**Q** 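Please see the structure below; I have some questions.
The shown structure was predicted, so the numbers you read here are calculated from the model rather than taken from an experiment. One-based numbering along the sequence shown.
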Amino acid sequence: MARNDGIDRTFARNQDLPTLDDVAKVQEHNEREKDSYSNQDIDITQTHRNVHFKKPTDSYAAMFDQMIADGVISTRGLKADAVKYGELLFDVNSAYFHNHGGYEYAKQFYADAYKAAVEIVGGEQYILSAVMHADERNRAMTEALGEDVYHYHLHVVYIPVVEKQILWSKRCKDEALRGTVKETITQVSRSKKWESKPVLDEDGNPMLNAKGKKILKSSYSVLQDDFFNFMRAAGYTDVERGERGSTEEHLTVTQFKVQAEQQRLEVVTGQVAQAEQSLEDAKSATEKQKRDWKLCKGKLRRQRPLR
């Protein structure tokens, strides 16, 4: 993941939340419900700067149950252990925001990123919470620059849903209705929401491999594409897409954040080394100028005519 090439890249991650315990832990972290954290980079004095683009009205689990009761979503046909919650993380390296003015720029960037999340999820009604964290210090850049630098990123907790058609069964008394659509429900379904899609050729037809089977594109690769394309269309033309065809697209949110910090550390380390080298070059050039000036002065003295 670490490239140290000075290029600012968009990153999008999706993480399943399989159990209610996972959901509760994510809620605790995202909503800053604790008084202290083991993560020393979380600066609770800055938590007031976190920005909610959609603030939860209750616990994530209670909101889910209410959506079931209101008929907004349906769990009909799901297995007991089916994944019902997901979390998206949208991110760009810290230096990008630092170089564009910091906090205010990040707020606008992630306001637009939230619009992308709404499209990706399929509607704002399926989002439980969307919050930009502005209270997690980037330790590497903070130490390198001698000032507090915060890593801005967006957490979006949502319900993965798809439209599912329920057909009249063969036992329907009206033969004309059998096999036709009885109703369409918004079904909670992680597997269908994130199923891989076929790769299309220039004419829009599915591409086939040597065995004649469709070539599939990972749904997480599509997620990366969608986020990057949306942000480019929104005017952020100075960012590039996260690297293709790598394990980056399959990392969990936690794994991604650890590796992202490693990348930022390498980038900053490279910047510091470059600055130190530039300083040494400047010192060497200054010393050379001093020596040249002394040599020049000596020549001038020797060339002065005697009176």
**Q** Go through it in stages, so that I can follow the logic: the residues are Leu128 and Gln27, the test is side chain to side chain contact (heavy atoms under 4.5 Å, CB included), and I'd like the CA-CA distance, side-chain angles, deciding distance and then a yes or no.
**A** CA-CA 10 Å; Leu128 304 179; Gln27 176 181 321; over 6 Å; no
**Q** Can you tell me which residue among Lys55, His52, His155 is in a side chain to side chain donor-acceptor pair (under 3.5 Å) with Glu31?
**A**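 It is His52, the one option of Lys55, His52, His155 that forms the side chain to side chain donor-acceptor pair (under 3.5 Å) with Glu31.
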**Q** Listing request: all ring pair (Phe, Tyr, Trp, His ring centres under 6.0 Å) pairs with a residue in residues 181-212, at least two apart in sequence or in separate chains.
**A**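 Matches after skipping sequence neighbours: Trp194-Tyr220.
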**Q** Under the rule for salt bridge (charged side-chain N to carboxylate O under 4.0 Å, His left out), what residues qualify as partners of Arg49, not counting sequence neighbours?
**A**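 Here no residue qualifies.
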**Q** Mind checking side-chain hydrogen bond (donor to acceptor under 3.5 Å, both in side chains) for Glu175 and listing every partner two or more places apart, or none if nothing turns up?
**A**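 Counting only residues at least two positions away or on another chain, Glu175 forms no side-chain hydrogen bond (donor to acceptor under 3.5 Å, both in side chains).
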**Q** Asn93 and Ile7: which non-hydrogen atoms are nearest, and at how many Å?
**A**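 Nearest heavy atoms, Asn93 then Ile7: OD1-O, 4.2 Å.
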**Q** For residues Thr184 and Lys164, determine if any side-chain heavy atom of one lies less than 4.5 Å from a side-chain heavy atom of the other.
**A**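 A side-chain contact is absent here, since even the closest heavy-atom pair is not under 4.5 Å.
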**Q** Test of understanding: with ring pair (Phe, Tyr, Trp, His ring centres under 6.0 Å), list the residues that count as partners of Tyr110, not counting sequence neighbours.
**A**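 If we apply the ring pair (Phe, Tyr, Trp, His ring centres under 6.0 Å) test to Tyr110, skipping adjacent residues, the hits are Phe97.
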**Q** Among all residues two or more places apart in sequence or in another chain, which pass the side chain to side chain contact (heavy atoms under 4.5 Å, CB included) test with Thr142?
**A**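 With sequence neighbours excluded, Thr142 shows a side chain to side chain contact (heavy atoms under 4.5 Å, CB included) to Arg137, Asp148, Val149, given in chain and number order.
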**Q** Would you please name every residue forming a salt bridge (charged side-chain N to carboxylate O under 4.0 Å, His left out) with Asp226, sequence neighbours left out?
**A**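 Partners of Asp226 by the salt bridge (charged side-chain N to carboxylate O under 4.0 Å, His left out) criterion come out as none, since no residue qualifies.
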**Q** Can you give me every donor-acceptor pair (side chain of residues 198-207, partner residue at least two apart or in another chain, under 3.5 Å) with its distance?
**A**
from   : atom 1 : to     : atom 2 : distance (Å)
Asp201 : OD1    : Asp203 : N      : 2.9
Asp201 : OD1    : Gly204 : N      : 3.0
Asp201 : OD1    : Asn205 : N      : 2.8

**Q** Between Tyr105 and Tyr96 (judged by ring centroids, cut-off 6.0 Å), do the two rings come close enough to count as a pair?
**A**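 Yes, close enough.
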**Q** Once side-chain hydrogen bond (donor to acceptor under 3.5 Å, both in side chains) is applied, do any residues pair with Asn50, and if so which ones, sequence neighbours excluded?
**A**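 Asn50 satisfies side-chain hydrogen bond (donor to acceptor under 3.5 Å, both in side chains) with Asp135 once adjacent residues are dropped.
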**Q** The criterion is side-chain hydrogen bond (donor to acceptor under 3.5 Å, both in side chains); which residues satisfy it with Glu124, sequence neighbours excluded?
**A**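 By the side-chain hydrogen bond (donor to acceptor under 3.5 Å, both in side chains) rule, Glu124 matches Tyr114.
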**Q** To check you understand the geometry: which heavy-atom pair defines the closest contact between Ser221 and Arg241, and what is its length?
**A**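 So the minimum-distance heavy-atom pair works out to O-NH2, 3.2 Å.
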**Q** Does anything in residues 197-216 form a ring pair (Phe, Tyr, Trp, His ring centres under 6.0 Å)? List the pairs, not counting sequence neighbours.
**A**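 Sorted pair list comes back empty.
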**Q** Stepwise, does the side chain to side chain donor-acceptor pair (under 3.5 Å) test hold for Glu163 with Thr186?
**A** CA-CA 5 Å; Glu163 294 296 316; Thr186 303; 3.2 Å; yes
**Q** Can you see whether His100 engages Asp238 through a side-chain donor-acceptor pair at a distance of less than 3.5 angstrom?
**A**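 Note: His100 and Asp238 side chains meet the donor-acceptor criterion.
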**Q** Assess Arg13 against Phe227: is NZ or CZ under 6.0 Å from the centre of the six-membered ring, and within 45 degrees of the ring's axis?
**A**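 No - Arg13 does not lie over the ring of Phe227 by the 6.0 Å and 45° rule.
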**Q** With Asp58, which residues qualify under salt bridge (charged side-chain N to carboxylate O under 4.0 Å, His left out), at least two apart?
**A**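 Salt bridge (charged side-chain N to carboxylate O under 4.0 Å, His left out) list for Asp58, sorted by chain: empty.
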**Q** How are the rings of Phe64 and Tyr85 set to each other: parallel, tilted or perpendicular (split at 30° and 60°)?
**A**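 Tilted.
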**Q** Classify the ring geometry of Tyr236 against Phe109: parallel below 30°, tilted from 30° to 60°, perpendicular beyond 60°.
**A**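 Tyr236 and Phe109: perpendicular rings.
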**Q** Show every salt bridge (Lys or Arg N to Asp or Glu O under 4.0 Å) that has at least one partner inside residues 18-30, sequence neighbours left out.
**A**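 Qualifying pairs, neighbours excluded: Asp21-Lys25.
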